[in-house]
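Every chain is numbered from 1 and lettered A, B, ... according to where its sequence line falls, protein lines coming before strand lines.
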Amino acid sequence: MMDKWMLLDGNSIAYRAFFAMPPLTNSAGLHTNAIYGFTTMLLKLLEDEKPTHVLVAFDAGKATFRHEGYAEYKGGREKTPPELSEQFPVLKELLQAFQIAQFELNGFEADDIIGTLTRLADEQKVETLVVTGDKDMLQLVSEHVTVALTRKGVSEQERYSPADIKEKYGLTPHQIIDLKGLMGDTSDNIPGIPGVGEKTALKMLHEFGTVEEVLANTASLKGKMKEKVEQHKDDAVMSKKLATIHREVPLAPEQEPEAIRYSGFNGPALADVLRRLEFRSVQERLGLSGEGSGSAGEAAELNLTPIESAEDAKKLDELMKALEEEESGFGLYVEAIGENPHQAELVGLALAGAEAAYTLPFAALKEAFTEPLRSWLADPNKKKIGFDTHKVELALKWAGITLSGVSFDVQLAAYVIDPTESSLLLSGIVHRYEQPAVPSDESVYGKGAKLKVPAAAVLYQHLATKADAVRRVAPLQRDELKETGMLGLYDELELPLSVILAGMEHQGISVEKAELETLGSELERQLTTLVTEIYKQAGMEFNLNSPKQLGEVLFEKLGLPARKKTKTGYSTDAEVLEELAPYSEIVPLILHYRTLAKLQSTYVEGLLKEIREQTGKIHTYFRQTIAATGRLSSQFPNLQNIPIRLEEGRKIRKAFVPSEPGWTILAADYSQIELRVLAHISGDENMKEAFIKDMDIHTKTAMDVFGVTEDQVDSNMRRSAKAVNFGIVYGISDFGLSNNLNITRNEAGRFIEQYLGVFKGVKSFMDSIKVEAAKQGYVTTLLGRRRYLPDINHSNFNKRSFAERTAMNSPIQGTAADIIKLAMVNMNKKLGELKLRSRMLLQVHDELVFEVPEDELEQMKKLLPEVMEAAIKLDVPLKADVSFGANWYEAK
DNA sequence: GGCGTCACG
DNA sequence: ACGTACGTGACGCCC
């Protein structure tokens, strides 16, 4: 049998496990979470990989050779928390019972030991897997060596071959060192070159290859970048040196590769350690299991049939037959290139079943011979498994093709499974489910200016690979949704909603160009006056839109007192300017300028650019897979942040009008939905009572917090109470509240204490949700939507505090999002059942906007708030206020 | 591209 | 001691 080595970076994995896992202890009070995470990962690896040799390398706890050249190496790092330190000796004992070799070496880190063994592996051509949480180790990747980086704590790994590194970074493994040399690494206190991040560093390396070549060619760099690189040449060289793993460490005679051969654990010894740790599930697993669970799928071999023209009609028949007969469902991948689906370029599509895959250029879909396929696409009873079908359905609508009957969407499922996942690319999703790899779109199409559609053979292979991947991943995701209790949320809410959104987006909303232009010229006039006056008072002309120049004028030329700083200089935000107002007459003018300039650039000019010439409409794109809480977001343009708070800006809304004569804009918004949700989930009797009696919640809060009667509540008290209520929803802190109300932290603290004394149910909710988050690692909404909080047990106060506030806020904001989504699905159903012509146009988090024909207005005025209020039954009533008018401004 | 600023809920 | 309110997207500046 061929040897297979597995080399684990002990410190790195233990750290990752510690921060990712809830704080477990055994009954003796010993913390065990890092050991537990380490153990479950190790077991899975042993089962899946079946290595012949296993090593866990540890850092020796002393200064390494890296400190000799650079004393600050790994400086500024948080000290290892004692809850973790105490776990190392036990972990080592456990590994000993596993009979797994452990190496450490004075003066060297685990990296260097592993680096040396991988060198031997390369020389001896032994297949080797390195497991670590440290990206630096990617430099060790080779033909024989694969590096697995831990993800989501340690429960998953992402594996890198040289091809993967090429694909992700466009670099060879060895160039990872150069990458670190240029960009540095804050976690190890490696400086790199300031101002050079990953993007810039990669660009330079793609051009020059190494740090040395970059430094030798600074002449061809430009501007500030050139200056910075030249100034920090030595840092780059030193950083590269620090990032370089030492691959020739002097291993002791007993540290020869043969010493790490793995031939199974010492049963009694292991049982003993596991008993002390109280890892019963692990004990059971080892008692029962021999051969492990499934491994990564074999490379996908596709039986690929291209269908290009009417001459391929026979093949199309074959496809249609296959679509009829396939039982497990066909994967459908339609490629729409471009971020904005309203103007995406449809290039082709692929359909993949268990037996075969078929591809078509998009143009073929417009030809007569593909009619059967178009009918199949449009048939709601023919089930399709797709990817980003919201975007695809919308892009297809513009091309006159209907897509219906999507029974599963892999991207949407990935979002529901983990809404904080930053990349929902198919290539990444496929990786997480250990399915045959899919090349990234970027590697096939390029990006930016270099984006182009490749040769047909390459394109169709790619599309077929994706369709096949979609087909494979879908059932695995369905199982995961079921296991996590989110299948209902997915099937009955998110998937139907995606179809509704595509309809709203395609429908669009009419915007009157002339109205915006009138507003624009009025703004222009006022801006000119303001600019002239500001220049006059400043005694000079400068670019008012440049915070840098404005800062210089205010704080240097005019000598106003500077308070706040940003990373790059003086802060000039509205909060700072408002404080400065008493010092100079120029300040209010600048504030006013900012307000109007924002309106002009973002709303007047920005929206005018988005109006379609032919229809006079604006079509936004609601994104369903972005917000971590379950909210929607809106892009190209964002119609969820049209001004309303200030009258000057609110006028923008006059331009949003019905698309047919005689129709009306009808809007309804939930009143205090987040606080009502809080009242429900916290069960706070006092707050529930306020809503049941339909009281003004801020007034009620003021009465209770200040201990006064209703008529004693003045506007100031109500304002403070309102701020506290907001704070509660956001996961309150005295600092945040003091900042908002401009009071001291102590005063804010007393406020909060008062509040929580009156709303005791809220207090216990805030406490228990944090405990729940720490225990489970996630929080949920009323419909079971999860948000994972990996930092909830972090030793860093800031990270942990942020996670705690998120734990308090997400169930509230997320449940409110669930509720309005339910209302949208129900409302859409009603419109269909009642055969109404009214159209849903926009969703703005707690508001729905419709356009309605005259003869439906009375009915809709009743129906809409009814449906919204009945979306879900809470312990308090939901309330929706309805309004209407000739435009969105009038509907207030 | 990263940052500062500001629009919304 | 820590030094932030939650969630988004778009603009202009400056490199």
Side-chain angles (χ1 to χ4, degrees), chain A residues 78 195-200 202-203 221-228 419 448 543-551 564-577 591 594-595 597-603 605-607 609-610 620-623 626-646 649-650 652-653 669-670 673-674 723-724 726-741 745 748 752 787 795-814 816-817 820 843-847:
Chain A
E78 304 256 346
V196 175
E198 185 174 299
K199 302 268 176 191
T200 315
L202 285 175
K203 219 170 97 196
L221 297 172
K222 283 185 293 229
K224 269 274 150 56
M225 193 46 64
K226 178 177 177 187
E227 239 174 72
K228 279 204 173 136
N543 187 345
L544 251 174
N545 292 324
S546 161
K548 186 163 168 265
Q549 294 183 34
L550 177 61
K564 215 163 50 167
K565 281 240 174 186
T566 67
K567 269 187 215 173
T568 49
Y570 306 110
S571 171
T572 66
D573 65 18
E575 192 190 322
V576 170
L577 295 185
L591 281 164
R594 282 252 176 98
T595 307
K598 177 86 177 180
L599 288 176
Q600 184 75 306
S601 66
T602 303
Y603 295 103
E605 289 164 4
L607 289 178
K609 279 189 221 134
E610 299 285 347
T620 188
Y621 175 38
F622 288 107
R623 303 222 40 197
I626 299 294
T629 53
R631 276 191 175 182
L632 299 179
S633 82
S634 159
Q635 287 182 326
F636 317 134
N638 183 353
L639 293 186
Q640 290 183 319
N641 70 347
I642 303 302
I644 189 166
R645 292 175 190 169
L646 301 175
R650 192 172 193 153
I652 298 286
R653 295 183 172 226
D669 66 305
Y670 280 113
I673 187 165
E674 293 191 335
V724 179
F726 268 99
I728 289 290
V729 169
Y730 293 155
I732 198 150
S733 71
D734 53 5
F735 188 91
L737 183 67
S738 70
N739 218 17
N740 191 289
L741 279 179
R745 256 181 77 179
I752 295 167
R787 174 155 183 193
S795 60
N796 178 303
F797 173 86
N798 272 327
K799 293 203 164 167
R800 188 175 62 250
S801 300
F802 188 72
E804 286 174 355
R805 290 195 300 275
T806 311
M808 297 184 265
N809 171 265
S810 287
I812 302 173
Q813 192 183 119
I820 193 163
Q843 188 253 44
V844 194
H845 309 308
D846 66 354
E847 177 187 18

Under 3.5 Å side-chain donor-acceptor pair for R745(A) and S733(A): no

Modelled atom types, side-chain donor and acceptor of R787(A) and S810(A), under 3.5 Å: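 Per modelled atom types, R787(A) and S810(A) side chains form a pair under 3.5 Å.
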
Remember a base hit wins even if backbone is also touched, and classify [X] as base, sugar-phosphate or nothing at under 4.0 Å, heavy atoms.
X	answer
T200(A)	nothing
I642(A)	sugar-phosphate
Q549(A)	sugar-phosphate
A597(A)	nothing

Validation row: Q640(A), F622(A) side chains within 4.5 angstrom (heavy atoms):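 Side chain of Q640(A) against side chain of F622(A), heavy atoms only: contact under 4.5 Å found.
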
Heavy atoms from other residues, nucleotides or ligands near CZ of F726(A) exceed 12 (cutoff 6.0 Å):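 Atom CZ in F726(A) is not crowded, with 12 or fewer foreign heavy atoms closer than 6.0 Å.
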
Exceeds 12 heavy-atom contacts within 6.0 angstrom, atom NZ of K203(A):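 Atom NZ in K203(A) is not crowded, with 12 or fewer foreign heavy atoms closer than 6.0 Å.
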
Heavy-atom protein contacts under 4.0 Å, nucleotides 3-9 of chain C, coded B base, S sugar-phosphate only, - none: BBBBBSB

Any side-chain N or O of [X] under 4.0 Å from OP1/OP2 of [N]?
X	N	value
S571(A)	dT5(B)	yes
S546(A)	dC14(C)	yes
T566(A)	dG4(B)	yes

About how many Å separate [atom2] of [Y] and [atom1] of [X], when rounded to the nearest 0.5 Å?
X	Y	atom1	atom2	value
D669(A)	E847(A)	CG	CD	5.5 Å
L550(A)	S571(A)	CG	OG	10.0 Å
T572(A)	Q549(A)	OG1	CD	11.5 Å

Give the rounded distance in Å between these two atoms: [atom1] of [X] and [atom2] of [N].
X	N	atom1	atom2	answer
I652(A)	dA10(C)	CD1	C1'	14 Å
L544(A)	dT5(B)	CG	P	14 Å
L577(A)	dG4(B)	CG	P	15 Å
R645(A)	dC6(B)	CZ	P	13 Å
K609(A)	dG12(C)	NZ	C1'	11 Å
R594(A)	dC11(C)	CZ	C1'	12 Å
Q640(A)	dA10(C)	CD	P	11 Å

dC6(B) to dA5(C) separation - P atoms, rounded to the nearest Å: 15 Å

Rounded P spacing from dT4(C) to dC3(B) in Å: 16 Å

Considering all heavy atoms, the nearest I812(A)-E674(A) contact: CG2-O, 3.4 Å

Which nucleotide in dG12(C), dC13(C), dC8(B) has an atom nearest any side-chain atom of N543(A): dC13(C)

Nearest listed nucleotide, side chain of I644(A), among dG4(B), dA7(B), dG9(B): dG9(B)

Quiz item: cation-pi between K564(A) and Y570(A), 6.0 Å / 45°: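 No; the conditions do not both hold, so K564(A) does not lie above the ring face of Y570(A).
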
Watson-Crick or G-U stems of DNA chain C, 3 or more pairs, under 3.5 Å, by first number: B:1-9 with C:6-14

